[in-house]
Amino acid sequence: MSITGRIHSIESFGTVDGPGIRFIAFMQGCLMRCLYCHNRDTWDTHDGKEVTVEDLMKQIRAYMSFYANGGGVTASGGEALLQIDFINEWFKACRAEGIHTCLDTNGMLRKYTPVIDELLENTDLVMLDIKQMDDDKHILLTKVSNHRTLQFAEYLAKKQQKTWIRYVVVGGHTDDIESARALAEFIKPMSNVEKIELLPYHELGKHKWDALGDEYQLNDVSPPSSDTMEKIKAVFVEMGLNAIY
Ligand code: SF4
């Protein structure tokens, strides 16, 4: 019997989660609890819809020409690594058909079993979210420690895995120079990191919290100004890092 995964949704023409035009599978389930989560409805690991690798491949093949020129597929979420065996099989199938693969992850990997190495071999690009370097602040923002994420970043560096780091700039949580500098210092020695994407916090997912009857705690936080984004970007650029937003 073929392996199945649980997905929240599919986007056939994604343009913000990796290079080019991409087929994006938003996997169901996440163990972080980010205050700004815009996919609040992906958290429950039992929810979503069950699919096979072949189900996804059929949908991808229908629009293959769009993904050919610099695009590909992205496993996003929720948290894709919670379904590592499925993602590994899916990426293997994509590789067999010459499709670029991107893993969008919060890096909260619990166990380093051989399947992670196999998955990374089948992954062209990792997009790793690092939410906050200070663990106390990380816990306030996500309800969990950053230890696993930072360990995963170091693992990617050791393996020289091509990686983009993503950092969400949230007022009162991550928009200060000190937080940005701590992240820049952590990334600086990592020659596998090609780019740092700075993502301004937005409120677009708030309605999902409301729909689930959950309290959205960032009601008083506004999206960062372009001045703030420039200030944060400068911290990375001054350290010789390639940061964009
Ligand atoms: S890691 Fe992503 S999906 Fe999970 S809670 Fe945070 S923003 Fe939401």
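Counting starts at 1 for both ligands and their atoms, in listed order. Small disclaimer: the values here were computed from a predicted structure and weren't measured.
Counting protein heavy atoms only, atom 2 (Fe) of ligand 1 is closest to Lys131 NZ, 4.1 Å. In this structure, the protein non-hydrogen atom closest to atom 3 (S) of ligand 1 is Gly78 N, 3.6 Å. Of all protein heavy atoms, the one closest to atom 5 (S) of ligand 1 is Trp43 NE1, 3.2 Å. Regarding atom 4 (Fe) of ligand 1, its nearest protein heavy-atom neighbour is Cys30 SG, 2.3 Å.
The existence of a salt bridge linking Asp175 and Lys231 is excluded, since no basic side-chain nitrogen approaches an acidic carboxylate oxygen closer than 4.0 Å. Ion pairing of Arg95 with Glu121 is absent here, as no side-chain N (NZ or NE/NH1/NH2) approaches a carboxylate O to less than 4.0 Å. Taking 4.0 Å as the cut-off between side-chain N and carboxylate O, Lys208 and Asp210 do not count as a salt-bridged pair.
Taking 2.8 Å as the criterion, Cys37 counts as a coordinating residue of atom 8 (Fe) of ligand 1, since one of its N, O or S atoms falls below it. Here Cys34 reaches atom 6 (Fe) of ligand 1: one of its N/O/S atoms is less than 2.8 Å from the metal.
The closest approach between a heavy atom of His38 and any atom of ligand 1 is not below 4.0 Å.
The minimum heavy-atom distance between Asn106 and Cys30, with the atom names listed, is ND2-SG, 3.7 Å. Taking each heavy atom of Ala243 and Leu198 in turn, the nearest pair found is CB-CD1, 4.3 Å.
The only member of Ile87, Leu31, Leu119 that meets side chain to side chain contact (heavy atoms under 4.5 Å, CB included) when paired with Leu81 is Leu119.
In Asn106, the part holding a heavy atom less than 4.0 Å from any atom of ligand 1 is the side chain.
Taking a cut-off of under 4.0 Å to the non-hydrogen atoms of Met32, the atoms of ligand 1 that pass are 1 (S), 5 (S).
Ring to ring, Phe23 and Tyr63 are not that close: their centroids are 6.0 angstrom or more apart.
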